[in-house]
Amino acid sequence: MSPTDHTETDIDATETRTATATDDFTVTPYAVDGEIDYEKLIDRFGADRLTDDQLARFPEHPLLRRRTFYAGRDIDEYLEAAEADAPHAIVTGRGPSGPMHLGHVLPLYLAKRLQQETGATVYIPLSDDEKFLAKAQSFAEIGQHTRENLRDVLAVGFDSDKTRLIIDTVDADVIYPLAVRLATHLTPATVEAVYGEQDTVGLQFYPAVQATHLLLPQLVGGRQPTLVPIAVDQDPHVRVCRDIAAKEALPVEKPGALLGRFLPSLEGPGKMSSSADAPSIDLTAAPETVAETIRTHAYTGGRATLEEHREKGGDPSVDVLFQYLRFFFEPDDAELERIAADYRSGDLLSGELKEIAIDRITTFLAAHQRRRAALGELATEIQPYRLTDAERQQALERAGVPSALE
């Protein structure tokens, strides 16, 4: 089977959750390390590079236009439904193990843009159960992160009529029976092939929960193309789910994927981390904190001395803050190119580029934080985004899981 032939299965039994011995990087749902070769990665995962035609058919957005999202699965099926005003859905979630930072929120803003332009239904699961299993945190700690993360998700500004927020432990009445139903089509060999040996039986079971997240829009609303815009490290979850869906035991289509590059860590290669050992820019950070973090920690493409920089210029391709501008924070292509040209010529210094990035990022965060601060009581704010009783029943019925008390 060729790397892009997904007619039978998306899982290669030879895959493991760690990089191969010849690779100098690791990308899994639980660990990202090293300088990532994105082209090699999608070849390994068996995804398809986005074409110019596909990108042109999406609503305009810098994350797409500049190929931050650069690969995918079943993209055409999703685009055809969006163009025909037929039902179509987006799933992109959050693992609430800490505060949300810039890298976490970019897929959400992309999903909002797609919803605004095409009317897509958006499902956003919060996997608090997985974080309890994978992180050394209590349920109380994860619950606090979940509440704070929900405020950031709500601040993005989704349409409540077309958006559903799912919390695994809160919505266990529908998530758990669906996951059990899907788990019958998931073998230990498949889980080990994709994720490697897991520390607990809880993590061994979790792929069935993840598959539930990705298929839930179809179990609620009927068969429809579903797109999952995620960082490329989360693609194994999509591959497992596609393998389950392909068995045709449920009335669902295989979910598609839109795979993105990581927003790099301020310290250089890799992805931005919310862990304590690497700096990140939280969505709630004050402007002075953002400025101090960037000035102190941001990896630059500048030269060692002012004289050398003026003579030889800097390298925007390795400058982290230029990458931040390129990803999302400088929407104007002409202005972005001017910044790059001035940096390469030596006319723009690294410190000046930092100040440009500080201005753009703090402006973005100020708008996000204003919307966040305007939210009322969380239980009230989230209510319009929760699954209705009818939607819960519909999902269970479509999966063949009737209530035991009926």
Side-chain angles (χ1 to χ4, degrees), residues 87-100 104-105 107-132 139-179 209-210 212-222 224 226 228-229 282-284 367-399 401 403 405-406:
H88 59 290
I90 297 168
V91 180
T92 187
R94 168 69 187 136
S97 60
M100 288 183 68
H104 296 139
V105 82
L108 295 175
Y109 275 96
L110 175 61
K112 176 189 173 183
R113 172 69 172 168
L114 298 179
Q115 183 181 74
Q116 288 175 322
E117 294 299 315
T118 71
T121 301
V122 175
Y123 277 63
I124 305 172
L126 281 82
S127 53
D128 56 342
D129 53 344
E130 182 203 24
K131 294 310 172 186
F132 176 75
F139 265 126
E141 291 171 315
I142 292 169
Q144 180 61 30
H145 294 318
T146 299
R147 291 186 289 275
E148 293 301 315
N149 288 184
L150 281 168
R151 289 191 168 275
D152 281 313
V153 172
L154 290 168
V156 173
F158 290 99
D159 180 349
S160 61
D161 290 337
K162 291 183 171 292
T163 307
R164 292 294 176 262
L165 303 182
I166 315 298
I167 307 168
D168 284 350
T169 58
V170 175
D171 295 302
D173 62 314
V174 65
I175 295 298
Y176 178 70
L178 291 177
V209 178
Q210 183 69 264
T212 299
H213 294 161
L214 303 187
L215 296 178
L216 192 55
Q218 297 186 71
L219 293 173
V220 171
Q224 58 188 288
T226 303
V228 186
D282 293 346
L283 299 183
T284 56
H368 181 89
Q369 290 168 9
R370 281 195 299 271
R371 294 190 297 272
R372 193 182 195 276
L375 295 170
E377 185 73 25
L378 182 60
T380 301
E381 294 286 350
I382 198 177
Q383 190 58 41
Y385 295 87
R386 298 200 63 197
L387 289 169
T388 66
D389 290 343
E391 289 169 340
R392 293 167 191 269
Q393 183 177 353
Q394 185 70 270
L396 293 169
E397 288 179 355
R398 282 201 171 98
V401 187
S403 171
L405 299 180
E406 294 179 358

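Just so you know, these numbers use all the heavy atoms, side chains as well, and skip hydrogens, waters and symmetry mates. Computed from a predicted structure; not experimentally measured.
- H88 meets the ring-ring contact (aromatic ring centres under 6.0 Å, His included) test with Y78; sequence neighbours excluded.
- For the atom pair CG of L165 and CG of L150, the computed distance is 6.5 Å after rounding to the nearest 0.5 Å.
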*Given the rule in the side-chain contact (heavy atoms from CB on, under 4.5 Å) test, do L387 and Y123 qualify, once you have shown the distances and angles that lead to the verdict?*
CA-CA 10 Å; L387 289 169; Y123 277 63; 4.1 Å; yes
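- Side chain of Q115 to backbone of K162: a donor-acceptor contact under 3.5 angstrom is found.
- A155 approaches L375 most closely through the heavy-atom pair N-CD1, 4.3 Å.
- Taken to the nearest 0.5 Å, the CD1 atom of I124 stands 6.0 Å off from the OG1 atom of T163.
- The line from CG of L126 to CG of D168 is 8.0 Å long, rounded to the nearest 0.5 Å.
- In this structure, E381 CD and L154 CG are separated by 6.5 Å, a value rounded to the nearest 0.5 Å.
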_Pair V209-E130, side-chain contact (heavy atoms from CB on, under 4.5 Å): steps then yes or no_ = CA-CA 9 Å; V209 178; E130 182 203 24; over 6 Å; no
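- A 4.5 Å side-chain heavy-atom check between T121 and P87 finds every atom pair outside the cut-off.
- For the pair D152/L108, no side-chain contact is recorded, criterion being any heavy-atom separation below 4.5 Å from C-beta on.
- Residues G157 and K112 approach most closely at O-CE, 3.6 Å, considering heavy atoms.
- Of all the heavy atoms in L178 and V174, the pair that sits closest is CG-O, 3.1 Å.
- Listed for the Q218 side chain is no donor-acceptor partner under 3.5 Å among the backbone atoms of L215.
- Without hydrogens or angle criteria, D159 side chain to D161 main chain gives a donor-acceptor distance under 3.5 Å.
- Within 6.0 Å of OH on Y109 lie more than 12 heavy atoms contributed by other residues, nucleotides or ligands.
- T146 places no side-chain N or O within donor-acceptor distance of the main-chain N or O of P96, the cut-off being under 3.5 Å.
- In this structure, a donor-acceptor pair under 3.5 Å is absent between the side chains of H145 and D128.
- The minimum heavy-atom distance linking R94 with P99 is given by the pair NH2-O, 3.7 Å.
- Across F158 and Y385, no two heavy atoms sit closer than the pair O-OH, 3.1 Å.
- Here the options are I382, L283, T284, L378, the test is side-chain contact (heavy atoms from CB on, under 4.5 Å), and the partner is R151; only L378 passes.
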*Check against salt bridge (charged side-chain N to carboxylate O under 4.0 Å, His left out), R372 and E148*: CA-CA 10 Å; R372 193 182 195 276; E148 293 301 315; 2.8 Å; yes
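- Once rounded to the nearest 0.5 Å, the distance linking CD1 of I167 with CD1 of I175 reads 10.5 Å.
- Looking at heavy atoms from C-beta onward, P229 lies in side-chain contact with I90 at the 4.5 angstrom threshold.
- Within the 4.5 Å cutoff, no side-chain heavy atoms of E141 are placed close to those of Q144.
- The shortest non-hydrogen separation linking A395 to V220 is CB-CG2, 3.9 Å.
- For the atom pair E391 CD and R386 CZ, the distance stands at 11.5 Å (nearest 0.5 Å).
- The closest side-chain heavy-atom distance from V156 to V105 is below 4.5 Å.
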